[in-house]
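Contents: one structure, followed by commentary.
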Amino acid sequence: MTISRDQMLEPHRALATPLFAGLSGDAEISFEFFPPKTEKMEEQLWDSIVTLDPLKPRFVSVTYGAGGTTRERTHNTVARIARETRIPAAAHLTCVDASKTEIAEIASAYWEAGVRHIVALRGDPPNAGGAFVPHPDGYASAAELVEGLRKLHPFEISVSAYPETHPEALSAAKDIDFLKRKLDAGASRAITQFFFESETFFRFRDAVAAAGIDPEIVPGIMPVSNFAAIQRMSKMTGTAIPGWMAHLFDGLDDHPAARQLVAATVAAEMCRRLYAGGVRQFHFYTLNRAELSYAICHLLGKRPQTELKEEAA
(Lines give C-alpha, C1' and ligand atoms only; values in the text may rest on other atoms or scores of the structure.)
Protein backbone atom coordinates (compact mmCIF):
# COMPACT_ATOMS: atom_id res chain seq x y z
CA MET A 1 0.00 0.00 0.00
CA THR A 2 1.29 3.43 -0.94
CA ILE A 3 1.13 6.03 1.83
CA SER A 4 0.62 9.62 0.74
CA ARG A 5 2.62 12.54 2.10
CA ASP A 6 -0.44 13.84 3.94
CA GLN A 7 -0.95 10.45 5.59
CA MET A 8 2.67 10.46 6.70
CA LEU A 9 2.22 13.90 8.24
CA GLU A 10 -0.79 12.96 10.35
CA PRO A 11 1.17 10.89 12.93
CA HIS A 12 3.62 13.77 13.25
CA ARG A 13 0.76 16.19 13.91
CA ALA A 14 -0.64 13.85 16.54
CA LEU A 15 2.65 13.88 18.44
CA ALA A 16 3.68 17.48 17.79
CA THR A 17 3.88 20.17 20.47
CA PRO A 18 0.55 21.99 20.89
CA LEU A 19 0.40 24.83 18.39
CA PHE A 20 0.03 27.58 20.97
CA ALA A 21 2.23 26.15 23.73
CA GLY A 22 4.97 28.31 25.17
CA LEU A 23 4.17 31.63 23.48
CA SER A 24 5.65 34.49 25.48
CA GLY A 25 2.91 37.04 24.85
CA ASP A 26 5.31 39.44 23.14
CA ALA A 27 2.88 40.16 20.28
CA GLU A 28 1.56 43.71 20.10
CA ILE A 29 -2.13 44.13 19.36
CA SER A 30 -4.62 46.79 18.33
CA PHE A 31 -8.36 46.74 17.72
CA GLU A 32 -10.81 48.44 15.36
CA PHE A 33 -14.38 49.46 16.18
CA PHE A 34 -17.15 51.29 14.33
CA PRO A 35 -19.24 54.11 15.84
CA PRO A 36 -22.53 52.85 17.35
CA LYS A 37 -25.90 53.92 15.96
CA THR A 38 -28.04 53.23 19.03
CA GLU A 39 -27.73 53.24 22.81
CA LYS A 40 -27.77 49.43 22.82
CA MET A 41 -24.96 49.30 20.27
CA GLU A 42 -23.00 51.86 22.29
CA GLU A 43 -23.36 49.69 25.39
CA GLN A 44 -22.09 46.67 23.45
CA LEU A 45 -19.17 48.69 22.10
CA TRP A 46 -18.20 49.92 25.54
CA ASP A 47 -18.47 46.43 27.02
CA SER A 48 -16.04 45.29 24.31
CA ILE A 49 -13.61 48.10 25.06
CA VAL A 50 -13.68 47.30 28.79
CA THR A 51 -13.10 43.60 28.02
CA LEU A 52 -10.14 44.26 25.70
CA ASP A 53 -8.60 47.12 27.70
CA PRO A 54 -6.70 44.80 30.14
CA LEU A 55 -4.82 43.27 27.19
CA LYS A 56 -3.11 46.65 26.88
CA PRO A 57 -3.52 47.29 23.15
CA ARG A 58 -1.18 49.70 21.40
CA PHE A 59 -4.25 51.61 20.22
CA VAL A 60 -7.87 51.20 19.23
CA SER A 61 -9.25 52.83 16.10
CA VAL A 62 -12.76 53.95 15.18
CA THR A 63 -13.96 53.87 11.58
CA TYR A 64 -15.42 56.69 9.52
CA GLY A 65 -18.45 56.07 7.29
CA ALA A 66 -18.46 56.56 3.53
CA GLY A 67 -18.73 60.24 2.69
CA GLY A 68 -18.22 61.22 6.30
CA THR A 69 -21.64 59.86 7.26
CA THR A 70 -20.53 58.97 10.78
CA ARG A 71 -18.36 62.04 11.39
CA GLU A 72 -20.03 63.16 14.62
CA ARG A 73 -20.46 59.64 16.01
CA THR A 74 -16.86 58.77 15.19
CA HIS A 75 -15.63 61.89 16.95
CA ASN A 76 -17.78 61.25 20.04
CA THR A 77 -16.63 57.63 20.30
CA VAL A 78 -12.93 58.44 19.86
CA ALA A 79 -13.13 61.37 22.27
CA ARG A 80 -14.78 59.19 24.91
CA ILE A 81 -12.09 56.53 24.59
CA ALA A 82 -9.41 59.22 24.92
CA ARG A 83 -11.20 60.75 27.89
CA GLU A 84 -12.25 57.68 29.86
CA THR A 85 -9.54 55.08 29.20
CA ARG A 86 -5.78 54.89 29.00
CA ILE A 87 -5.90 53.24 25.58
CA PRO A 88 -4.45 55.46 22.83
CA ALA A 89 -7.36 56.24 20.51
CA ALA A 90 -7.04 56.57 16.73
CA ALA A 91 -9.64 58.24 14.53
CA HIS A 92 -10.23 57.27 10.92
CA LEU A 93 -10.32 60.26 8.57
CA THR A 94 -11.06 60.25 4.84
CA CYS A 95 -10.88 62.63 1.87
CA VAL A 96 -14.45 62.02 0.70
CA ASP A 97 -16.74 65.06 0.31
CA ALA A 98 -14.58 67.30 2.49
CA SER A 99 -12.46 70.35 1.73
CA LYS A 100 -8.97 70.81 3.10
CA THR A 101 -10.39 73.43 5.47
CA GLU A 102 -13.05 71.01 6.79
CA ILE A 103 -10.46 68.28 7.29
CA ALA A 104 -8.19 70.71 9.13
CA GLU A 105 -11.09 71.60 11.46
CA ILE A 106 -11.87 67.92 12.12
CA ALA A 107 -8.22 67.06 12.74
CA SER A 108 -7.76 70.01 15.08
CA ALA A 109 -10.89 69.02 17.02
CA TYR A 110 -9.37 65.57 17.50
CA TRP A 111 -6.10 67.10 18.67
CA GLU A 112 -7.94 69.28 21.20
CA ALA A 113 -9.79 66.17 22.44
CA GLY A 114 -6.46 64.49 23.18
CA VAL A 115 -6.38 62.24 20.11
CA ARG A 116 -2.86 61.90 18.72
CA HIS A 117 -3.32 59.16 16.12
CA ILE A 118 -5.12 59.34 12.76
CA VAL A 119 -5.85 56.49 10.34
CA ALA A 120 -5.67 58.41 7.05
CA LEU A 121 -7.66 56.95 4.15
CA ARG A 122 -8.85 58.12 0.78
CA GLY A 123 -12.24 56.65 1.64
CA ASP A 124 -15.07 55.00 -0.27
CA PRO A 125 -17.62 57.02 -2.26
CA PRO A 126 -21.01 57.56 -0.57
CA ASN A 127 -22.67 55.52 -3.33
CA ALA A 128 -21.45 51.93 -3.28
CA GLY A 129 -19.77 51.05 -6.54
CA GLY A 130 -19.43 54.67 -7.62
CA ALA A 131 -16.15 56.28 -8.61
CA PHE A 132 -14.19 58.40 -6.17
CA VAL A 133 -14.34 62.07 -7.11
CA PRO A 134 -12.13 64.45 -5.08
CA HIS A 135 -13.72 67.47 -3.47
CA PRO A 136 -12.85 70.56 -5.57
CA ASP A 137 -10.98 72.02 -2.61
CA GLY A 138 -9.99 68.74 -0.99
CA TYR A 139 -7.33 66.06 -1.10
CA ALA A 140 -7.22 63.74 -4.09
CA SER A 141 -5.54 60.81 -2.34
CA ALA A 142 -4.53 59.35 1.00
CA ALA A 143 -0.92 60.38 0.31
CA GLU A 144 -2.02 64.01 -0.01
CA LEU A 145 -4.11 63.67 3.15
CA VAL A 146 -1.11 62.35 5.10
CA GLU A 147 1.01 65.24 3.89
CA GLY A 148 -1.70 67.73 4.86
CA LEU A 149 -2.16 66.25 8.34
CA ARG A 150 1.60 66.42 8.92
CA LYS A 151 1.44 70.20 8.44
CA LEU A 152 -1.32 70.59 11.03
CA HIS A 153 -0.19 68.66 14.10
CA PRO A 154 2.47 66.02 14.89
CA PHE A 155 -0.02 63.15 14.61
CA GLU A 156 0.96 59.52 14.52
CA ILE A 157 -0.53 58.38 11.21
CA SER A 158 -1.50 54.93 9.97
CA VAL A 159 -2.57 54.13 6.41
CA SER A 160 -4.07 51.14 4.61
CA ALA A 161 -2.42 48.41 2.54
CA TYR A 162 -3.87 45.69 0.31
CA PRO A 163 -2.13 42.28 0.28
CA GLU A 164 -4.33 41.19 -2.64
CA THR A 165 -4.15 44.60 -4.38
CA HIS A 166 -6.70 47.42 -4.13
CA PRO A 167 -9.69 46.73 -6.42
CA GLU A 168 -9.08 50.01 -8.28
CA ALA A 169 -5.31 49.57 -8.72
CA LEU A 170 -3.94 49.12 -12.23
CA SER A 171 -1.49 46.49 -11.00
CA ALA A 172 0.03 45.07 -7.84
CA ALA A 173 3.26 46.97 -8.51
CA LYS A 174 1.45 50.30 -8.86
CA ASP A 175 -0.52 49.58 -5.70
CA ILE A 176 2.71 49.01 -3.76
CA ASP A 177 4.16 52.17 -5.29
CA PHE A 178 1.20 54.13 -3.98
CA LEU A 179 1.64 52.56 -0.55
CA LYS A 180 5.23 53.82 -0.61
CA ARG A 181 3.98 57.32 -1.44
CA LYS A 182 1.71 57.29 1.62
CA LEU A 183 4.51 56.16 3.90
CA ASP A 184 7.02 58.60 2.37
CA ALA A 185 4.49 61.38 3.00
CA GLY A 186 4.83 60.76 6.72
CA ALA A 187 2.74 57.76 7.78
CA SER A 188 4.16 55.62 10.58
CA ARG A 189 2.74 52.25 9.52
CA ALA A 190 0.34 50.49 7.20
CA ILE A 191 -2.51 48.24 8.36
CA THR A 192 -3.62 45.68 5.82
CA GLN A 193 -7.02 44.78 4.53
CA PHE A 194 -8.14 41.44 5.96
CA PHE A 195 -7.05 38.19 4.31
CA PHE A 196 -7.50 34.52 5.11
CA GLU A 197 -4.22 32.73 4.46
CA SER A 198 -0.87 33.54 6.03
CA GLU A 199 0.96 33.02 2.74
CA THR A 200 -0.99 35.96 1.31
CA PHE A 201 0.59 38.26 3.86
CA PHE A 202 4.08 36.77 3.51
CA ARG A 203 4.07 37.25 -0.26
CA PHE A 204 2.92 40.84 0.20
CA ARG A 205 5.54 41.49 2.87
CA ASP A 206 8.25 40.23 0.54
CA ALA A 207 7.02 42.43 -2.30
CA VAL A 208 6.89 45.47 -0.02
CA ALA A 209 10.43 44.84 1.23
CA ALA A 210 11.64 44.43 -2.36
CA ALA A 211 10.18 47.86 -3.11
CA GLY A 212 12.34 49.39 -0.37
CA ILE A 213 9.52 50.00 2.12
CA ASP A 214 10.78 49.92 5.72
CA PRO A 215 7.89 51.02 8.04
CA GLU A 216 5.93 48.28 9.75
CA ILE A 217 3.17 46.49 7.85
CA VAL A 218 0.56 45.25 10.32
CA PRO A 219 -1.73 42.39 9.25
CA GLY A 220 -5.43 43.11 9.65
CA ILE A 221 -7.25 40.10 11.13
CA MET A 222 -10.98 39.58 10.55
CA PRO A 223 -12.42 36.66 12.55
CA VAL A 224 -15.37 35.21 10.62
CA SER A 225 -18.39 35.76 12.83
CA ASN A 226 -20.80 35.58 9.88
CA PHE A 227 -19.67 33.76 6.73
CA ALA A 228 -22.32 35.26 4.44
CA ALA A 229 -21.33 38.77 5.54
CA ILE A 230 -17.66 37.98 4.99
CA GLN A 231 -18.46 36.80 1.47
CA ARG A 232 -20.11 40.16 0.71
CA MET A 233 -17.27 42.17 2.23
CA SER A 234 -14.63 40.08 0.47
CA LYS A 235 -16.28 40.67 -2.88
CA MET A 236 -16.11 44.45 -2.34
CA THR A 237 -12.47 44.40 -1.22
CA GLY A 238 -11.15 41.83 -3.68
CA THR A 239 -10.24 39.41 -0.89
CA ALA A 240 -10.01 35.73 -1.84
CA ILE A 241 -11.93 33.22 0.27
CA PRO A 242 -10.26 29.79 0.17
CA GLY A 243 -12.47 26.82 -0.62
CA TRP A 244 -11.59 25.05 2.60
CA MET A 245 -13.05 27.97 4.57
CA ALA A 246 -16.45 27.64 2.92
CA HIS A 247 -16.40 23.94 3.81
CA LEU A 248 -15.55 24.66 7.47
CA PHE A 249 -18.45 27.10 7.93
CA ASP A 250 -20.96 25.08 5.94
CA GLY A 251 -23.90 24.02 8.11
CA LEU A 252 -23.16 26.41 10.98
CA ASP A 253 -25.72 29.14 10.18
CA ASP A 254 -28.08 27.86 12.88
CA HIS A 255 -25.34 27.10 15.41
CA PRO A 256 -23.87 30.47 16.48
CA ALA A 257 -21.88 29.10 19.41
CA ALA A 258 -20.23 26.43 17.26
CA ARG A 259 -19.61 29.02 14.54
CA GLN A 260 -17.81 31.22 17.07
CA LEU A 261 -15.56 28.33 18.08
CA VAL A 262 -14.71 27.54 14.46
CA ALA A 263 -14.10 31.22 13.70
CA ALA A 264 -11.71 31.61 16.64
CA THR A 265 -9.86 28.41 15.69
CA VAL A 266 -9.38 29.42 12.04
CA ALA A 267 -8.24 32.98 12.79
CA ALA A 268 -6.01 31.92 15.68
CA GLU A 269 -4.25 29.32 13.56
CA MET A 270 -3.53 31.91 10.88
CA CYS A 271 -2.20 34.31 13.51
CA ARG A 272 0.03 31.55 14.87
CA ARG A 273 1.44 30.95 11.38
CA LEU A 274 2.04 34.69 11.01
CA TYR A 275 3.77 34.71 14.38
CA ALA A 276 5.98 31.81 13.30
CA GLY A 277 6.88 33.91 10.26
CA GLY A 278 8.12 36.78 12.42
CA VAL A 279 4.97 38.88 12.76
CA ARG A 280 4.67 40.58 16.15
CA GLN A 281 1.95 43.17 15.46
CA PHE A 282 -1.70 42.27 14.86
CA HIS A 283 -4.70 44.52 14.20
CA PHE A 284 -8.12 42.96 14.85
CA TYR A 285 -11.33 44.03 13.11
CA THR A 286 -13.67 43.39 16.03
CA LEU A 287 -17.05 44.36 14.53
CA ASN A 288 -17.64 45.77 18.04
CA ARG A 289 -17.54 42.36 19.71
CA ALA A 290 -14.73 41.31 22.00
CA GLU A 291 -15.07 37.52 22.34
CA LEU A 292 -13.28 36.31 19.22
CA SER A 293 -10.45 38.84 19.38
CA TYR A 294 -9.94 38.20 23.09
CA ALA A 295 -9.79 34.42 22.55
CA ILE A 296 -7.23 34.76 19.74
CA CYS A 297 -5.07 37.13 21.77
CA HIS A 298 -5.21 34.68 24.68
CA LEU A 299 -4.00 31.86 22.43
CA LEU A 300 -1.16 34.14 21.27
CA GLY A 301 -0.03 34.41 24.89
CA LYS A 302 -1.55 37.78 25.77
CA ARG A 303 -2.78 38.03 29.35
CA PRO A 304 -4.59 40.83 31.20
CA GLN A 305 -2.37 43.37 32.91
CA THR A 306 -3.39 43.12 36.60
CA GLU A 307 -3.46 46.87 37.15
CA LEU A 308 -5.66 47.53 34.16
CA LYS A 309 -7.95 44.61 35.01
CA GLU A 310 -8.59 45.99 38.50
CA GLU A 311 -9.32 49.47 37.15
CA ALA A 312 -11.73 48.11 34.52
CA ALA A 313 -13.59 46.19 37.22
Side-chain angles (χ1 to χ4, degrees), residues 30-34 61 63-67 69-70 92 94 96 119 121-132 142 158-172 174-176 178-179 190-205 207-208 217-256 258-274 277 279 282-289 291-293 295-296:
S30 55
F31 303 105
E32 181 173 298
F33 302 99
F34 60 84
S61 65
T63 62
Y64 195 76
T69 52
T70 67
H92 286 219
T94 75
V96 180
V119 179
L121 309 165
R122 188 204 70 180
D124 297 321
N127 301 317
F132 171 77
S158 297
V159 294
S160 62
Y162 289 79
E164 294 169 272
T165 307
H166 192 285
E168 297 176 25
L170 297 177
S171 68
K174 289 187 179 297
D175 198 33
I176 289 176
F178 191 69
L179 171 61
I191 302 170
T192 76
Q193 181 59 268
F194 62 87
F195 54 91
F196 297 116
E197 294 188 294
S198 56
E199 184 60 27
T200 301
F201 179 81
F202 292 139
R203 284 196 301 266
F204 180 67
R205 186 177 64 179
V208 164
I217 308 296
V218 181
I221 309 300
M222 175 76 83
V224 181
S225 56
N226 182 308
F227 189 69
I230 283 294
Q231 286 179 304
R232 292 192 296 271
M233 294 170 66
S234 297
K235 185 176 181 180
M236 291 187 292
T237 60
T239 301
I241 298 180
W244 57 260
M245 180 175 282
H247 175 70
L248 281 179
F249 285 95
D250 184 39
L252 294 180
D253 290 346
D254 297 326
H255 301 278
R259 189 172 68 242
Q260 292 281 90
L261 289 172
V262 173
T265 300
V266 170
E269 183 182 77
M270 185 179 73
C271 288
R272 181 64 180 91
R273 293 179 186 275
L274 292 171
V279 174
F282 298 87
H283 184 75
F284 293 93
Y285 299 110
T286 69
L287 300 181
N288 288 16
R289 301 192 67 91
E291 296 88 352
L292 287 173
S293 297
I296 297 164

Check your understanding: Can you check side-chain contact (heavy atoms from CB on, under 4.5 Å) on Ile217 and Phe201, steps first, answer last?
Key -> CA-CA 10 Å; Ile217 308 296; Phe201 179 81; 4.1 Å; yes

Practice item. Please test Met270 against Phe195 for side-chain contact (heavy atoms from CB on, under 4.5 Å), starting from the C-alpha separation and ending with a verdict. Key: CA-CA 10 Å; Met270 185 179 73; Phe195 54 91; 3.8 Å; yes

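Shortest non-hydrogen contact noted between Pro167 and Gly238 is CG-N, 4.2 Å. For Val279 against Pro219, the heavy-atom pair with the smallest separation is CG1-CG, 3.7 Å. Annotation for Gly277 and Phe202: closest pair CA-CZ, 3.7 Å, computed over non-hydrogen atoms. Between Leu248 and Val266 the shortest heavy-atom distance is CD1-CG2, 3.7 Å.
Atom CZ of Arg273 has 12 or fewer neighbouring heavy atoms from other residues, nucleotides or ligands inside a 6.0 Å radius.
Under the ring pair (Phe, Tyr, Trp, His ring centres under 6.0 Å) criterion, Phe282 pairs with no residue, sequence neighbours left out. With sequence neighbours excluded, no residue satisfies salt bridge (Lys or Arg N to Asp or Glu O under 4.0 Å) with Arg205. Remark: Phe33 engages no residue in a ring pair (Phe, Tyr, Trp, His ring centres under 6.0 Å) (not counting sequence neighbours). By the salt bridge (Lys or Arg N to Asp or Glu O under 4.0 Å) test, Glu197 is found to be paired with no residue, residues two or more places apart in sequence or in another chain being considered. A search for side-chain contact (heavy atoms from CB on, under 4.5 Å) contacts involving Ala161 returns Leu179, Ala190, Thr192, Phe204, not counting sequence neighbours. Partners of Ala207 according to the side-chain contact (heavy atoms from CB on, under 4.5 Å) rule, which considers only residues two or more places apart in sequence or in another chain, are Ile176. Under the side-chain contact (heavy atoms from CB on, under 4.5 Å) criterion, Ile191 pairs with Phe59, Ser158, Arg189, Val218, His283, Tyr285, not counting sequence neighbours. Take Ala268 and apply the side-chain contact (heavy atoms from CB on, under 4.5 Å) test, not counting sequence neighbours, and it matches Phe20, Ile296, Leu299. Residues satisfying the side-chain hydrogen bond (donor to acceptor under 3.5 Å, both in side chains) criterion with Ser293, sequence neighbours excluded, are absent altogether. Here His166 pairs with Tyr162 under the ring pair (Phe, Tyr, Trp, His ring centres under 6.0 Å) rule; sequence neighbours left out.
Between the OG atom in Ser198 and the CD atom in Glu269 there is a gap of 8.5 Å [rounded to 0.5 Å]. Between Arg259 atom CZ and Leu292 atom CG the span is 10.0 Å, to the nearest 0.5 Å. One distance of note links CD of Glu168 with NZ of Lys174; it measures 15.0 Å at 0.5 Å rounding.
Looking at heavy atoms from C-beta onward, Val119 lies out of side-chain contact with Tyr64 at the 4.5 angstrom threshold. Side-chain contact check for Gln193 versus Ser160: every heavy-atom pair is 4.5 Å or farther apart. With contacts defined as side-chain heavy-atom distances shorter than 4.5 Å, the pair Thr286/Phe34 does not qualify.
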Donor-acceptor contacts, no H, no angles, side chain residues 221-228, under 3.5 Å, sequence neighbours left out:
{"from": "Asn226", "atom 1": "OD1", "to": "Ala228", "atom 2": "N", "distance (Å)": "3.1"}
{"from": "Asn226", "atom 1": "OD1", "to": "Ala229", "atom 2": "N", "distance (Å)": "2.9"}

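Residue pairs that meet the side-chain hydrogen bond (donor to acceptor under 3.5 Å, both in side chains) test with at least one member in residues 227-237, sequence neighbours left out, are Thr237-Thr239.
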